[in-house]
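Numbers here are sequence positions counted from 1.
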Amino acid sequence: MKLSAIAAAVFLVSAGLSAPSYAQDKGAKKGGGGDMTFFVTSTGKGSGADLGGLKGADEHCNTLAKAAGSKLTNWKAYLSTTQPGGEAGVNARERIGKGPWRNAKGVVVGNNVADLHSAKSKVTKDTALTEKGEKVNGRGDTPNEHDILTGSDPLGMYSTAGGDTTCGNWTKSAEGSAIVGHHDRIGLKDTRHMKSWNSSHGSAGCSQEALVKTGGSGRFYCFAAQ
């Protein structure tokens, strides 16, 4: 046993590794949990845009993150809400902390709130990974699932466009509509909105079928509120 241990140590040294660093490198390759502070949900809740409100959406984020190995418990869904009568709603950008935010592979998608909502945002198909470190289908894939629920304007604030933009504040699974973003930054036309990760267009409805119809599946973004 001693000879085997010595031989292993010699091998590690010759390879330029120490035993501790080797273990760390091996763990880092597994992806998932770790320092991840941003992901796209690998699945929606299965009931269209009815996420159980913000509370239900946050719970979904935390459940998926925990299953992926994350030790963080303050995950928040990137979703805005509106209020009747012109009262102020909830802004998605104010729910997610100060940043920076990293995906499951350790890539930074935004250093702070302003950076995340600027032309410097690094949210793309290659970086907007699920909590498992997997890519999400985009335009050109089958099926296309690039519509990500946000209910937000380009600055990450609740919309003042009028009408339903949040599927009843994430409680409807039939009539209504919700603003979605394109995680792959690609749309039918080469326009600013089609390239937006958080505010591209409204969905055809709030049911699972309606979300699929316009290129989605009920997924949303999750951020660890640091």
Side-chain angles (χ1 to χ4, degrees), residues 38-54 56-58 60-61 64 77-82 89-93 95-96 109 116-117 121 123-132 134-223:
F38 160 79
F39 64 88
V40 177
T41 58
S42 57
T43 62
K45 296 198 69 175
S47 52
D50 180 358
L51 308 175
L54 291 180
D58 290 347
H60 192 56
C61 286
L64 293 179
Y78 183 91
L79 298 170
S80 293
T81 62
T82 57
V90 174
N91 297 318
R93 65 182 286 145
R95 310 191 73 241
I96 60 175
V109 298
L116 183 68
H117 295 89
S121 173
V123 178
T124 67
K125 182 180 179 181
D126 290 330
T127 63
L129 307 178
T130 70
E131 74 281 359
K132 301 176 183 179
E134 301 171 342
K135 287 186 179 182
V136 176
N137 279 4
R139 185 165 177 76
D141 298 324
T142 303
N144 174 20
E145 298 181 337
H146 71 170
D147 282 0
I148 310 297
L149 298 170
T150 71
S152 306
D153 70 8
L155 291 179
M157 305 175 77
Y158 66 88
S159 176
T160 58
D164 189 6
T165 57
T166 63
C167 283
N169 290 335
W170 315 111
T171 62
K172 290 183 179 179
S173 59
E175 298 293 325
S177 180
I179 294 175
V180 300
H182 289 163
H183 83 290
D184 59 358
R185 316 290 283 270
I186 301 173
L188 291 172
K189 298 180 180 180
D190 188 26
T191 60
R192 172 173 59 85
H193 283 89
M194 292 297 102
K195 295 179 179 180
S196 175
W197 66 272
N198 69 336
S199 191
S200 292
H201 58 82
S203 65
C206 300
S207 68
Q208 190 68 22
E209 293 74 19
L211 297 182
V212 170
K213 181 179 180 180
T214 45
S217 60
R219 300 177 190 253
F220 48 96
Y221 300 111
C222 298
F223 290 79

What distance separates F38 CZ from L129 CG, expressed to the nearest 0.5 Å?
8.0 Å
Which distance, rounded to the nearest 0.5 Å, do you find between the OG1 of T160 and the CG of D153?
7.0 Å
Side-chain heavy atoms of S152 within contact of S199, under 4.5 Å
no
Would you give the length of the straight line joining atom CZ of F223 to atom CG of L116, rounded to the nearest 0.5 angstrom?
5.0 Å
Considering only heavy atoms from C-beta outward, does the side chain of H201 approach that of I179 to under 4.5 Å?
no
Please report the shortest heavy-atom distance between G156 and S80, naming the atom on each side.
O-OG, 3.7 Å
Rounded to the nearest 0.5 Å, how far does OG1 of T82 lie from CG of N91?
11.0 Å
With side chain to side chain contact (heavy atoms under 4.5 Å, CB included) as the criterion, how do V90 and N169 come out once you've worked through the C-alpha distance, each side chain's angles and the decisive distance to 0.1 Å?
CA-CA 10 Å; V90 174; N169 290 335; over 6 Å; no
Just wondering, more than 12 heavy atoms not from E175 lying within 6.0 Å of its CD?
no
Looking only at heavy atoms, the pair that brings S203 and T214 closest together is CA-OG1, 4.0 Å
How far apart are the closest heavy atoms of R139 and N144, and which atoms are they?
N-OD1, 3.3 Å
Of the non-hydrogen atoms in C167 and G205, which two are nearest, and what is the gap between them?
SG-O, 4.2 Å
Rounded at 0.5 Å granularity, tell me how far CZ in R95 sits from CG in L79.
7.0 Å
So N198 and V123, side chain to side chain contact (heavy atoms under 4.5 Å, CB included) or not? Walk me through it.
CA-CA 9 Å; N198 69 336; V123 178; over 6 Å; no
For S121 and W197, work out which heavy atoms get closest and say how close.
OG-NE1, 3.6 Å
Between D164 and K172, the two heavy atoms sitting closest are OD2-NZ, 3.5 Å
Do T130 and S42 meet the criterion of a side-chain donor-acceptor pair at a distance under 3.5 Å?
no
If I take atom CD1 from residue I148 and atom OG from residue S196, how far apart are they, to the nearest 0.5 angstrom?
11.5 Å
Do the side chains of R219 and D147 get close enough for a salt bridge, i.e. N-O under 4.0 angstrom?
no
Looking at D184 and K125, would you say the former's side chain and the latter's main chain have a donor-acceptor pair under 3.5 Å?
no
What class does the angle between the rings of H182 and H146 fall in, given that below 30° is parallel, 30 to 60° is tilted and above 60° is perpendicular?
parallel
Residues forming a side chain to side chain contact (heavy atoms under 4.5 Å, CB included) with K213, sequence neighbours excluded
A204
Can you tell me how the ring of H60 sits relative to the ring of F220, calling it parallel under 30°, perpendicular over 60° and tilted otherwise?
tilted
